Amino acid sequence: MLGDWKPKEIEPKWQKKWEEDGAHAFDPASKKPVFSMDTPPPFTSGDLHMGHVLSYAYFDFAARYKRLRGFSVFYPQGWDCQGFPTEVKVESKFGKKLPPEEFRAKCVEWTEEFIARMKGQMVAIGFSPDWRHEYKTMSPAYHRKVQLSLLKMHEDGLVYCGEHPVFWCPYCASAIAKAETEEEERTADLNYLKFETDAVKEGFIAIATTRPELLHACVAVFVNPGDERYAGLVGKTVKVPVYGQKVSILTDADVDPAFGTGIVMMCTFGDKQDVVWTYRHNLPVIQSMDVYGRLLNAGEFSGVKIGEAKSRLVERLKECGLLIKQEKLQQVVKTHDRCKKPIELITSRQWFCKLKGFEESIKKAAREMRWVPEFTLQHLIDWANYIEWDWVISRDRVFGTPLPFWHCRKCGQVVRAKEESLPVYPLKDKPPIAKCACGGELEGEKATCDCWVDSSISPLIVSKWTEDERFHSLTYPATLRPQGTEIIRTWAFYTIYRCLMLTGKPPFKEVLVNGMVLAPDGKKMSKSLGNVIPPDKLIGEYSADAVRQWAALSGAFARDKPFSYKDIKYCKSFILKLWNASKLVEKSLEGFDSARVDAKKLKLRAVDRWMLSRMDELVKQNTANYDNYDYFAIITSMQDFFWHEFCDYYLEEAKHRLYQPEKFGEESRLAAQYTLYAVLLDTLKMLFPILPHASEEIYGEVFASREKTRLLAKSAWPEVAKQGRDEEAVKAALLLNSILSEIRRFKAEKKMALNAEVACVKVSAPEEGLVALVEEEVREAGKAGKVEVCGGEFKVEVVA
RNA sequence: GGGCCCGUAGUCGAAUGGUCAAGACGUCUGCCUUACACGCAGAAGACCGCCGGUUCGAUUCCGGCCGGGCCCACCA
């Protein structure tokens, strides 16, 4: 017997039961078609946020639906462990003094705790990955595969080490990739400085700059070749203020004559344009700062951090009378996405992945995939179109996958790790050969990998690439790659690139992109704004099934949506409605044996046929909607159907036959029971992927003993469209519903109770025959003593 | 500057080339009707952003404008 709905008891109960019964286990030996998913490994921050909940709920809906559809579903789950935020946390707890290996061990320990917490949260929401295929990017096994992929790409000339200007975060003291940059608007001072020169009679030219702290690295000044004001200056030299070095006046079409004075000073490197000019005009590179952003080669200012250097230089310029004026300037600066600090460009020796030249093959592979929704493909194409530099893959961090390389101290030759000794940790492991061919000592590479180097081979990791050929061909390419819109330019882009390079095959067939969850006020959820909603709290208050329904309701295809309390409240009441209706059905089904019912011999009434016909329609629609990942359409249509059509109308219209078989006949009761049984069963199946716990519990109480399958999780999707739409029944039912509405309106106006009896209901309708089909329902559900029918325009007259 | 998304009752939000444009929240009025008052019934509330075009007919298709959001590029 169904008791009260107690999510805190039934949800963990079924989570355990499914796991024990292997309901989510992938069987590589199965003959069923494979549906494999490459789900995002969340960064192990310690807590799942609502964005995770939304997107992972989506993946779970897909997995559970495909299982019901008879697929062998491969649904692994991993963890993106390594990265700067963890280092910061560990540093703040244990200090900066630990030796690298000990520090790394602390990070691992810390991360394991976080994984346990996050995994617990995932289980509590009812996600159904096959945990036997769990992976962690910090594990030696994962390191081995990442290193193997790098060795192969190095062999193919796709990974190289070189000295180039790279985006640099002085706060993190590490190189970062363009994809890790963000932009921040701020107000800066635009300083107009005097550059002394003999070329003009005033003795100086004015140059506007926001970066006076880089004067020591100024190597040229530029004017636009078409700028007549300065035509006479080209080829002359000017003296850089404060430091006094002489630099040439050159021309370049990239100079905007309208900005500032139309003259630009070029330093190594103030911004990306300076890098372009350095190469274009073959200019010298001055190391302007060290890895922490402290000035280098700046005379008395050497060692001063850039922020402080800026104000000190401005002071000095004022003292020397070289500062003409200052203006406020709105500018956008690039910042590091992890620490939000401004980024610099510095030249440094780093490892790179060759991206230039592969844009077309990446775009081609992407175009062959199905992107849901379609426009998200454009995000990737746009990004690919703007690839200017190769991808910097090395990071000066400890907690990361070590690059499997050594360098010769003498000649700089790169020495690769041996494949069979992977994973290697070059800081403590012996190099593969004792000495370089030139006789020099070998030194292990200190840098570790960008975290996207790790995660960009997730489809290879889960499919046991280079390890189990059969398993690999079964699960690679993944059928579905679900992910967030904000990581298209990183995770999707790098994965397509790397997997293509390593296997020659694109990594997945379909990409499902979901949007972000905003705070109820429409702003981004962030700790600093204090508007973060923790999933745990919602599960406790509304149940996991309600949270999952909310996700289905919110994930409007790659569009960001604010969190809505009213939605989740509604979802919770829907479960209660489902529960209570199931209680009624359970009671009404006493003595009903589905196996002994001959559907053909049933005396179905029009309302029964209407319900069964609607059910068929819904199965058809929902099948298409699940195939298109349109969970919004599914949950809204199911909520509307079940609540309003089934509960509010059908149940009221069928009660008399269930309660009084002696008056309306056993056959009529059987027909009603059959209908209740079929509708509730198919409803549970179609809702199962979204609210698995409640539907499994109801199934267990009402259906398990009558069906072949004990677990709803292991049952089969309802058969599609057993019969065509029953036009007559649908029309009759709609007519009945409007007649009942009229009767209810009459009672409401007369302030009568709904179950109050009325003497007579006179119905005029164009099709009198239809009214006859539902006359019994009008009398019983409307509590009408008599029903009179005549032709004509639709009209209902009630006589109290 | 380039690309993308969006603009529907007080709020959130579907669908649709053509009968009274879903549903939810909120509001108002009744009703504790043997599953549910976390419920049921009823009511009020929308010139479907603005202007043109296509069409017999447009909220729906096309163009422009206005407004909101996102991504990318540039910014000395």
Side-chain angles (χ1 to χ4, degrees), chain A residues 2 4-5 178 182-183 185 188 190-191 207-212 214 218 221-222 252 254-256 258-267 270-274 277 329-334 373-386 388 485-486 488-489 515-516 518 520 522 542 553-554 556-562 564-567 569-588 632-633 636-637 639-641 643-644 647-648 651-652 655 658-659 740-757 781 783:
Chain A
L2 274 174
D4 289 339
W5 175 55
K178 182 182 152 192
E182 281 178 356
E183 267 124 46
E185 197 160 333
L190 182 61
N191 306 281
I207 290 181
T209 180
T210 55
R211 307 214 55 184
L214 291 179
C218 177
V221 301
F222 282 97
D252 194 286
D254 286 348
V255 179
D256 175 5
F259 189 94
T261 62
I263 312 177
V264 194
M265 78 164 186
M266 202 227 94
C267 310
D271 62 27
K272 217 175 74 189
Q273 183 69 58
D274 292 342
W277 282 335
L329 178 73
Q330 276 300 112
Q331 67 167 184
V332 176
V333 291
K334 277 201 188 313
E374 235 172 289
F375 69 80
T376 52
L377 166 64
Q378 198 56 41
H379 287 252
L380 186 119
I381 302 285
D382 285 350
W383 183 253
N385 282 340
Y386 278 103
E388 290 172 286
T485 175
E486 75 284 1
I488 289 177
R489 64 181 191 170
M516 293 212 302
L518 306 174
Y542 299 97
L553 218 45
S554 295
F557 284 138
R559 271 161 57 191
D560 298 346
K561 229 195 126 181
S564 157
Y565 277 104
K566 89 172 176 42
D567 280 356
K569 278 181 190 154
Y570 181 72
C571 291
K572 186 183 173 185
S573 6
F574 177 70
I575 302 171
L576 219 50
K577 191 73 188 177
L578 176 69
W579 196 270
N580 286 319
S582 299
K583 279 199 300 228
L584 173 69
V585 172
E586 183 185 30
K587 221 170 77 181
S588 309
F632 177 88
T636 49
S637 67
Q639 285 172 345
D640 287 353
F641 163 77
W643 199 318
H644 303 303
C647 291
D648 292 348
L651 284 182
E652 294 306 321
K655 271 179 181 172
L658 297 162
Y659 291 157
L740 287 178
S741 276
E742 290 300 325
I743 299 173
R744 286 162 179 169
R745 182 176 300 136
F746 174 86
K747 290 179 180 173
E749 276 166 12
K750 292 276 184 299
K751 300 204 187 289
M752 295 165 71
L754 267 178
N755 59 345
E757 307 241 345
K783 304 273 183 216

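Model, not experiment: these values are computed from the prediction. Just so it is clear: chains get the letters A, B, ... in the order the sequence lines come, proteins before strands, and each one is counted from 1.
- For the P atoms, the distance linking B/A9 with B/C5 amounts to 22 Å, nearest Å.
- Not a single donor-acceptor contact under 3.5 angstrom links the side-chain atoms of A/Lys572 to the base of B/C38.
- Residues A/Phe222 and A/Ile263 form no side-chain contact, since every pair of their non-hydrogen atoms from C-beta on lies 4.5 Å or further apart.
- You'll find that the side chain of A/Lys577 is closest to B/G39, out of B/A43, B/G39, B/A73.
- As a whole-Å value, the separation of A/Phe641 CZ from B/A15 C1' is 19 Å.
- Nearest nucleotide to the A/Arg745 side chain, out of B/A35, B/G42, B/C25: B/G42.
- Checking B/C40, B/C38, B/G42 against the side-chain heavy atoms of A/Leu576 singles out B/C38 as nearest.
- With B/C75, B/A35, B/A73 as the choices, the nucleotide that has an atom nearest any side-chain atom of A/Lys655 turns out to be B/A35.
- Considering only the side chain of A/Trp643, B/C40 comes nearest among B/A73, B/G39, B/C40.
- Counting only heavy atoms from C-beta on, A/Ala748 has its side chain closest to B/G42 among B/A35, B/G42, B/C4.
- Closest approach of A/Leu2 and A/Trp579 over heavy atoms only: CD2-CZ2, 3.6 Å.
- Taking every side-chain heavy atom of A/Lys751 into account, B/G30 is the closest of B/C12, B/G30, B/A14.
- Two residues are said to be in side-chain contact when any heavy atoms from C-beta on lie closer than 4.5 Å; A/Trp5 and A/Lys583 fail this criterion.
- Looking at the side chain of A/Lys583, the nearest of the listed nucleotides B/A35, B/G3, B/A41 is B/A35.
- You'll find that the side chain of A/Glu652 is closest to B/C36, out of B/C36, B/C74, B/A73.
- Side-chain contact between A/Asp252 and A/Trp277: present, with at least one pair of heavy atoms (C-beta onward) separated by less than 4.5 Å.
- Closest to the side chain of A/Tyr386, from the set B/C40, B/A14, B/A73, is B/A73.
- Between the CZ atom of A/Arg744 and the P atom of B/U33 there is a distance of 15 Å, given to the nearest Å.
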